[in-house]
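Please read the structure below before turning to the comments.
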Amino acid sequence: PKMEEAVLVLLDTLKVPKTNQIAFTQSAIHVDNSSAPNFVTKKEYTLAEVQKHNKEGDCWLIIEGNIYDVTRFVDEHPGGHIILDGAGKDATSLFNDDFPHSVTAQEELTKLQIGILKQ
């Protein structure tokens, strides 16, 4: 209840119409206190759903249980199209171990999060 109130205040501040605020808080948010400040996630996806997004024009990655749509970033990736090696699958080891990424890269990645992996 308190989280919903805080979200409503934020949405009101952003001038989101009241009807959209209620719909948003009732159906679209999931609270995950373990990943603050990204405590609002958009959706849970199954592995099968993620696996469909496995090419240059439609590229999703799973990293540490989070789902990222990196489609628009593929051409900008400093390492080139190697990012596609993780397309449609769990790319955690690629991201963290095989090609360790900077703190800046990790921060930029959070902007591309679209959801979490459904357990």
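If you read the sequence from its start, that first residue is 1, and numbering goes on from there.
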Minimum-distance pair of heavy atoms, taken over all atoms of [X] and [Y]:
X    : Y    : answer
E107 : T110 : O-OG1, 2.6 Å
A91  : G86  : CB-CA, 3.9 Å
E64  : N96  : OE2-ND2, 2.8 Å
V50  : K89  : CG1-N, 4.3 Å

**OP:** List in chain and number order the residues that pass side chain to side chain contact (heavy atoms under 4.5 Å, CB included) with D58, two or more places apart in sequence or in another chain; answer none if no residue qualifies.
**Re:**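 D58 satisfies side chain to side chain contact (heavy atoms under 4.5 Å, CB included) with H53, K55, W60, T71 once adjacent residues are dropped.
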Original post:
Taking side chain as C-beta onward, heavy atoms only, is L47 less than 4.5 Å from I62?
Top reply: yes
Original post:
Hey, what else clusters with V70 if you join Ile, Leu, Val, Met, Phe, Trp, Tyr whenever side-chain heavy atoms sit under 4.5 Å?
Top reply: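 Listed partners: L61, I63, Y68, F73, V74, I83, L84, F95, L109, L112.
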Original post:
After noting the C-alpha distance and the side-chain angles of E49 and I67, does the key distance pass the side-chain contact (heavy atoms from CB on, under 4.5 Å) rule?
Top reply: CA-CA 11 Å; E49 290 173 299; I67 311 295; over 6 Å; no
Original post:
Got a second to check how far Y45's OH is from L117's CG, nearest 0.5 Å?
Top reply: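 Y45 atom OH to L117 atom CG measures 11.5 Å (nearest 0.5 Å).
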Subject >> Those residues that, when tested against E108, pass salt bridge (charged side-chain N to carboxylate O under 4.0 Å, His left out) (two or more places apart) >> reply: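 So E108 forms a salt bridge (charged side-chain N to carboxylate O under 4.0 Å, His left out) with K111.
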